[in-house]
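Written out below as structure tokens is the structure these notes cover.
Side chains are part of it too, since the values below use all heavy atoms of this structure and drop only hydrogens, waters and symmetry mates.
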Amino acid sequence: MNGELYRRLLTERYGPLDRLETERFPPAVDQAESVTGTSEEQWRRQVRDLATRYGWRLQYHTADSRRSDPGWPDEVFGHLGQRRTLFVEFKTDTGRMRPAQYEWLTHLADSGFEVTVWRPRDLPTVLRVLGPPRQRAALPPNFRRPTR
């Protein structure tokens, strides 16, 4: 089917395509001011909402980490269409990592998974990883690997 005909059929059925794209992929507005100073839980919920908007349908968060083994990442996202799994540790802009968290994140990254630590100041990177540009997540350059 030719591309122009396809676009016309989509427009007839769903309305203007630019509106569709905006609904499917929300614009990457500069929200840095709105997320600085938020708690870790507020930040996690904001990113979870963004992930949902960008099609990351599989999401896992341990409800009560006090009953879990220490160090497991805060959230695991799965995108069926992209065949990607993303492990994320959330921190406030001043939050500190615990040794068990370093150990788990290092192990997962060394095993080939997409692993990252996201802070509110990382919002532009979050949007690039979760959204259409599909940048691969990575640990921050200053990530301290545990000694063996």
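Listed here is the closest heavy atom pair of V88 and P73: O-CB, 3.6 Å. When all heavy atoms are compared, the tightest approach of Q135 to E114 is O-OE1, 4.3 Å. What you find for D110 and R145 is that their closest heavy atoms are OD1-NH1, 3.1 Å. Minimum interatomic distance between Q46 and T38 (heavy atoms only, all atoms of both residues): NE2-CG2, 4.4 Å. A pairwise comparison of heavy atoms in K91 and R96 identifies NZ-O, 3.1 Å as the closest pair. Nearest approach of H61 to R48, heavy atoms of both residues: CB-NH1, 3.7 Å.
If you chain together ILVMFWY residues whose side-chain heavy atoms come under 4.5 Å of each other, L105 ends up grouped with Y60, W72, V76, F87, M97, Y102, W104, L108, F113, V115, V117, L139, F143.
Here the CG atom belonging to L58 is positioned 4.5 Å from the CG atom belonging to L80, to the nearest 0.5 angstrom. In this structure, the separation between CG on D74 and CD on E40 is 5.0 Å, given to the nearest 0.5 Å. Separating the CG atom in L130 from the CD atom in Q82 is a distance of 9.0 Å, to the nearest 0.5 Å.
For Q59 and T52, the side-chain atoms include at least one donor-acceptor pair closer than 3.5 Å.
Side-chain contact between F77 and T85: absent, with no pair of heavy atoms (C-beta onward) separated by less than 4.5 Å. Using a 4.5 Å heavy-atom threshold, the side chains of L123 and W43 count as touching.
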> For L86 and W56, what are the C-alpha separation, side-chain angles and deciding distance, and is it a side chain to side chain contact (heavy atoms under 4.5 Å, CB included)?
Replying inline: CA-CA 10 Å; L86 174 61; W56 294 80; 4.1 Å; yes
> Please walk me through it: do R45 and E41 pass salt bridge (charged side-chain N to carboxylate O under 4.0 Å, His left out)?
Replying inline: CA-CA 6 Å; R45 287 176 188 260; E41 179 61 17; 2.8 Å; yes
> Between R84 and V129, is a side chain to side chain contact (heavy atoms under 4.5 Å, CB included) present by the stated rule, with each step listed?
Replying inline: CA-CA 11 Å; R84 290 171 65 193; V129 170; 3.7 Å; yes
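For the pair T92 (side chain) and S39 (backbone), a donor-acceptor distance under 3.5 Å is absent. In this structure, the side chain of D93 engages the main chain of R121 through a donor-acceptor pair within 3.5 Å.
Each ring-ring contact (aromatic ring centres under 6.0 Å, His included) pair with one or both residues in residues 117-141, not counting sequence neighbours, would appear here, but there are none.
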